[in-house]
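Reviewing the structure listed below.
Because only heavy atoms are used, hydrogens play no part in the values below, and waters and symmetry mates are left out as well, while side chains stay in.
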Amino acid sequence: MASMKQVSHKVKDRDGKEHEFKGVALIEILEKAGVTTGAKLRGENLVKYVLITAADGYEVLYALAEIDPEFADQLILLATEKDGQPLPAGEGPFRIITPKDKKPARWIREVRSIKIAFAKN
């Protein structure tokens with residue numbers, strides 16, 4: 001991830017204090033992995049979702065279009081640093097930060113996996 005563009009967000013965490021998180025845009029990681037994004041994200045690909053799982057089994061879900069800047073006006077961050085330091089134990093080594101969510105419930109700590117799948121009936 002060191003070779004990828006680093007991005008920072010200053011946001012209030014659930015503790016109510018402002019912190020600066022730094023890492024890589026989740027969309028960049030998905031693109032490097034070959035996930036359908038941008039102009040190709042249409043038709044059946046619009047029912048794809050991203051399932052992120054934490055070390056303790058906590059899971060959060062995003063529609064792929066929510067992450068793509070051609071669809072949504074927010075940058076979801078896979079953070080590796082908080083206030084200039086590596087994420088502390090219990091938070092890292094990776095954490096999702098979704099700045100425009102009104103509640104930080106999807107700011108998943110201790111990310112262990114990111115899975116892309118099609119929603120099925």
Side-chain angles (χ1 to χ4, degrees):
M1 283 191 20
S3 65
M4 298 175 139
K5 181 182 173 187
Q6 297 293 300
V7 180
S8 294
H9 275 308
K10 283 187 179 180
V11 292
K12 286 187 179 179
D13 205 347
R14 70 178 181 188
D15 60 11
K17 296 178 185 170
E18 187 173 79
H19 297 282
E20 183 173 13
F21 289 94
K22 184 176 179 183
V24 176
L26 182 56
I27 189 70
E28 185 175 347
I29 293 166
L30 297 178
E31 287 171 345
K32 291 237 188 247
V35 175
T36 304
T37 61
K40 294 179 182 176
L41 185 55
R42 60 183 187 271
E44 69 179 11
N45 286 313
L46 285 173
V47 296
K48 285 183 179 176
Y49 63 88
V50 179
L51 180 65
I52 303 173
T53 306
D56 65 0
Y58 186 74
E59 294 179 315
V60 297
L61 185 105
Y62 294 87
L64 185 54
E66 274 185 281
I67 299 168
D68 194 310
E70 290 195 24
F71 284 86
D73 186 24
Q74 79 168 333
L75 188 134
I76 298 171
L77 183 67
L78 183 65
T80 56
E81 293 182 14
K82 179 179 180 181
D83 300 328
Q85 300 294 320
L87 290 170
E91 255 186 87
F94 304 105
R95 182 176 180 189
I96 292 289
I97 303 296
T98 310
K100 292 194 176 181
D101 278 6
K102 290 181 179 182
K103 292 182 174 185
R106 296 194 302 174
W107 294 21
I108 189 168
R109 301 167 180 250
E110 297 185 282
V111 171
R112 293 297 185 262
S113 69
I114 299 172
K115 177 183 174 184
I116 312 300
F118 280 99
K120 297 176 182 166
N121 292 338

Determine, using the 4.5 Å side-chain heavy-atom cutoff (strictly less than), whether I67 and M4 are members of one ILVMFWY cluster.
-> yes
Mind checking the OH-CD1 spacing from Y62 to I96? Nearest 0.5 Å is all I need.
-> 6.0 Å
Residue pair F21 / R95: nearest heavy atoms and the distance that separates them | CZ-NH1, 3.5 Å
Nearest heavy-atom approach of A65 to A72 is O-CB, 3.8 Å
Are V24 and V60 connected in a single hydrophobic cluster, I mean Ile/Leu/Val/Met/Phe/Trp/Tyr linked by side-chain heavy atoms less than 4.5 Å apart?
-> yes
Spacing of H19 atom NE2 and K10 atom NZ [to the nearest 0.5 Å] | 12.5 Å
For L87 and P93, the nearest pair of non-hydrogen atoms, with its separation, is CD1-O, 3.6 Å
Single-linkage hydrophobic cluster I52~L64, side-chain heavy atoms < 4.5 angstrom = yes
Atom CD1 in I97, atom CD1 in I108: separation rounded to 0.5 Å?
-> 11.0 Å
Following the transitive rule for hydrophobic clusters with a side-chain heavy-atom cut-off under 4.5 Å over Ile, Leu, Val, Met, Phe, Trp and Tyr, establish whether I116 and V47 coincide in one cluster.
-> no
Between E28 and K5, is there a side-chain N and carboxylate O pair less than 4.0 Å apart?
-> no
Inter-residue atom distance N45.CG - D68.CG, 0.5 Å rounding = 11.0 Å
Would you tabulate the side-chain donor-acceptor contacts of residues 29-39 under 3.5 Å, counting partners in other chains and residues two or more places apart, or write 'none'?
from: E31; atom 1: OE2; to: T37; atom 2: OG1; distance (Å): 3.3
from: T36; atom 1: OG1; to: K48; atom 2: NZ; distance (Å): 3.3

Set of side-chain hydrogen bond (donor to acceptor under 3.5 Å, both in side chains) partners for E66, sequence neighbours left out | R106
Between the main-chain N or O of P88 and the side-chain N or O of K82, is there a donor-acceptor pair closer than 3.5 Å?
-> no
Which pair of heavy atoms, one from V11 and one from W107, lies closest together, and at what distance?
-> CG2-CH2, 3.5 Å
What are the two closest heavy atoms between G92 and R112, and how far apart are they?
-> O-NH1, 3.9 Å
When every non-hydrogen atom of P69 is compared with those of I27, the smallest separation belongs to CD-CG1, 3.8 Å
Cationic N near anionic O, under 4.0 Å, D83 to K17 | no
Distance (rounded to the nearest 0.5 Å) between Y58 OH and R109 CZ | 10.5 Å
Linking I/L/V/M/F/W/Y whenever their side-chain heavy atoms sit closer than 4.5 Å, directly or via other members, would Y49 and L26 fall into one cluster?
-> no
Any chance you could measure Q74, atom CD, to I76, atom CD1, to the nearest 0.5 Å?
-> 4.5 Å
Is the side chain of H9 donor-acceptor paired with the backbone N or O of A79 at a distance under 3.5 Å, no angle test?
-> no
